[in-house]
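Below is one structure; the comments refer to it alone.
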There are 2 protein chains.
Amino acid sequence: MINIDIDTKMKFLHGFSHKTRILILESIKEEEKTVSQIVDDLNGNQSNISQHLSCLKGCGLIVGRQDGKYVYYRARNQLVRDLLTMFDVVLEDVQNDIASCKNHIE
Amino acid sequence: MINIDIDTKMKFLHGFSHKTRILILESIKEEEKTVSQIVDDLNGNQSNISQHLSCLKGCGLIVGRQDGKYVYYRARNQLVRDLLTMFDVVLEDVQNDIASCKNHIE
DNA sequence: CACACATATTCATCATTGCTAATATGATAC
DNA sequence: GTATCATATTAGCAATGATGAATATGTGTG
């Protein structure tokens, strides 16, 4: 495995650090969508969604293609989809782990 | 797969959203370490590291055990380690695209 | 007990990020 | 050309997150 620059890695991970961005990723995980479709899906603000899409693109998590006056965005590739799936897998496991610990002090 | 509450998920993902926290995770990925060892490793501030450790614990990413006056932290389980490894795998795939992006949301 | 050491917490300040409204760009159709 | 629609960008402000100094808590030792 090649060495990965930490700042590049943080830029990448930044993509996952906001609720709206996660919701966008989940919305376009399996099928590409236009910006307006995503805006509708999330009941969001056009400017706001557009900025988050720009962020996600910069992070390398999604790609866009222009088709006429529309821009379609989708998850960059299968690895990114796998990562999104893995979040759920690990989180499920962590939740069970915590739940099965009857007397954790917190 | 059970449905995962989005806010719980965001809390989980927040653990990966800061450079110091990623460096901590990498530092204790393979072997548990005391707080002071981590502070030395990262050349960090004790208060600051302690706060990030608290965050990571709250996110479910790490666990701590007290041994005498020391507290040892380690990655919660193998899945968390796998996730950290997967970041590198996916990043390797995407690295060139990210390197040219200078922006976050702006 | 007093002391030294390891870690956690508080607090005030500072820095970064996200938000919305407004505006700009770019594409298509008339 | 102009009008219209889709998307991107800018700017100022609001919200959130990170920081280090100081302090508190906890743990073993003499």
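Both backbone and side-chain heavy atoms feed into the values below; hydrogens, waters and symmetry mates do not.
- Atoms NZ (A:K69) and C1' (D:dA6) sit 7 Å apart, rounded to a whole Å.
- Residues from residues 39-48 of chain B with heavy atoms under 4.0 angstrom of DNA chain C, sorted by number: B:Q46, B:S47.
- Checked against D:dT19, C:dT7, C:dA21, the side chain of B:S50 finds its nearest nucleotide in C:dT7.
- Backbone-only engagement by B:T34 is indicated by non-hydrogen atom pairs under 4.0 Å involving sugar-phosphate atoms exclusively.
- In summary, A:E32 and A:R65 engage in a salt bridge, as defined by a charged side-chain N under 4.0 Å from a carboxylate O.
- Per the geometry, CZ belonging to A:F16 stands 15 Å off P belonging to C:dG18, to the nearest Å.
- Between A:Y72 and A:Y70, the two ring planes are tilted [angle within 30° to 60°].
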Scan the side chains in residues 39-49 of chain B for donor-acceptor partners under 3.5 Å anywhere in the protein, sequence neighbours excluded, and list what turns up.
residue : atom : partner : partner atom : Å
B:D41   : OD2  : B:S27   : OG           : 2.9
B:D41   : OD2  : B:K33   : NZ           : 2.5
B:N45   : OD1  : B:S47   : N            : 2.8
B:N45   : OD1  : B:N48   : N            : 2.9
B:S47   : OG   : B:Q51   : NE2          : 3.0

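- With rounding to whole Å, B:D67 atom CG is found 18 Å from D:dG26 atom P.
- We find that CD1 of B:I49 is positioned 14 Å from C1' of C:dA8, with the value rounded to whole Å.
- For B:Q78, the side-chain hydrogen bond (donor to acceptor under 3.5 Å, both in side chains) partners are B:R81, B:D82, not counting sequence neighbours.
- Between the P atom of C:dT7 and the CD atom of B:E32 lies a distance of 12 Å, rounded to the nearest Å.
- One atom, NE2 of A:H14, and another, C1' of C:dT16, lie 9 Å apart when rounded to the nearest Å.
- Between atom CD1 of residue A:I22 and atom NZ of residue A:K29 there is a gap of 11.0 Å, rounded to the nearest 0.5 Å.
- Looking at B:Q51, its side chain comes within 3.5 Å of the base of D:dG20 through a donor and an acceptor atom.
- Comparing D:dT27, C:dA8, D:dT7 by their nearest atom to the side chain of B:Q66 picks out D:dT27.
- From A:I62, atom CD1 reaches atom CZ of A:R76 across 11.0 Å, with rounding to the nearest 0.5 Å.
- Of all nucleotides listed (C:dA6, C:dC19, C:dT17), C:dC19 comes nearest to the side chain of A:H18.
- The side chain of A:V71 lies closest to D:dA8 when the candidates are C:dT17, C:dT7, D:dA8.
- With the nearest nucleotide of DNA chain C identified for both B:Y72 and A:T20, B:Y72 has the one nearer the 5' end.
- In this model, the phosphate group of C:dA8 is approached by a side-chain N or O of B:Y73 to a distance below 4.0 Å at OP1 or OP2.
- For A:R21 and C:dC19, the CZ to C1' distance is 13 Å, given to the nearest whole Å.
- Ion pairing of A:K9 with B:E92 is absent here, as no side-chain N (NZ or NE/NH1/NH2) approaches a carboxylate O to less than 4.0 Å.
- Put simply, CG on B:L53 is 10 Å from C1' on C:dT7, counting in whole angstrom units.
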